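Just so it is clear, the structure is predicted and the values come from calculations on it, not from any experiment.
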Amino acid sequence: QVQLVESGGGLVQPGGSLRLSCATSGISVSRNVMGWYRQAPEKQRELVAEITVAGFTQYADSVKGRFTISRDNAKNTVPLQMNSLKPEDTAVYYCKLARVGDYWGQGTQVTVSS
């Protein structure tokens with residue numbers, strides 16, 4: 001029933017921007033805590049950004065001021081705007097539905113390289 005599908009990843013040069021989107025089915029993003037995580041090779045999956053039902057957002061220190069998470073209630077999507085990208089941002093980015101028994105998308109690859 002629940003489906004999360006990430007899109008928007010790709011190759012971008014340092015300093016560039018990308019906009020990821022998490023498309024959902026079977027839920028209402030307005031009624032759930034949604035998050036973006038990322039996992040680089042040989043590293044743990046880490047929180048990038050999260051938005052609560054009330055609209056409160058939190059960010060990893062490494063992306064604060066550069067990334068913005070939002071929510072499109074009408075489309076049931078969760079965009080992640082990424083600006084001033086750095087090579088260290090290279091990772092697979094995952095959308096997460098935070099519940100008991102978390103739901104994850106398949107991920108979208110972001111590569112930042114010159």
Spatial distance of atom [atom1] ([X]) from atom [atom2] ([Y]) [nearest 0.5 Å]:
| X | Y | atom1 | atom2 | answer |
| --- | --- | --- | --- | --- |
| Asp89 | Thr111 | CG | OG1 | 11.0 Å |
| Tyr94 | Tyr37 | OH | OH | 13.5 Å |
| Ile51 | Met34 | CD1 | CE | 10.0 Å |

Enumerate the residue pairs fulfilling disulfide (SG to SG under 2.5 Å) with a member in residues 14-46, sequence neighbours excluded, ordered by first and then second residue.
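Listed once each, the pairs are Cys22-Cys95.
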Are any non-hydrogen side-chain atoms of [X] and [Y] less than 4.5 angstrom apart?
| X | Y | result |
| --- | --- | --- |
| Pro14 | Lys86 | no |
| Thr68 | Leu80 | no |
| Gln58 | Thr52 | no |
| Leu20 | Thr108 | yes |
| Gln106 | Leu4 | no |
| Glu6 | Trp36 | yes |

Please list all pairs passing the salt bridge (Lys or Arg N to Asp or Glu O under 4.0 Å) test where one or both residues lie in residues 40-62, with sequence neighbours left out.
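Non-adjacent pairs meeting salt bridge (Lys or Arg N to Asp or Glu O under 4.0 Å): Arg38-Glu46.
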Among residues two or more places apart or on two chains, list those pairs meeting side chain to side chain donor-acceptor pair (under 3.5 Å) that have a residue in residues 9-31.
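Listed once each, the pairs are Ser17-Asn83.
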Do Val63 and Val12 share a hydrophobic cluster, counting only Ile, Leu, Val, Met, Phe, Trp and Tyr and linking them when any side-chain heavy atoms are less than 4.5 Å apart?
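Cluster IDs for Val63 and Val12 match.
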Distance-only, no hydrogens or angles: does the [X] side chain make a donor-acceptor pair with backbone N or O of [Y] under 3.5 Å?
| X | Y | result |
| --- | --- | --- |
| Asn32 | Val29 | no |
| Tyr59 | Ile69 | yes |
| Asn76 | Ile27 | yes |

Which atom pair, heavy atoms only, marks the closest approach of Thr77 to Pro79?
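Here Thr77 and Pro79 meet closest at O-CD, 3.7 Å.
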Ring-plane angle category for Phe67 and Tyr93, please: parallel below 30°, perpendicular beyond 60°, tilted otherwise.
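The rings of Phe67 and Tyr93 sit tilted, inter-plane angle from 30° to 60°.
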What's the verdict on side-chain contact (heavy atoms from CB on, under 4.5 Å) for Leu11 and Ser113, showing C-alpha distance, side-chain angles and the deciding distance?
CA-CA 7 Å; Leu11 175 65; Ser113 176; 4.2 Å; yes
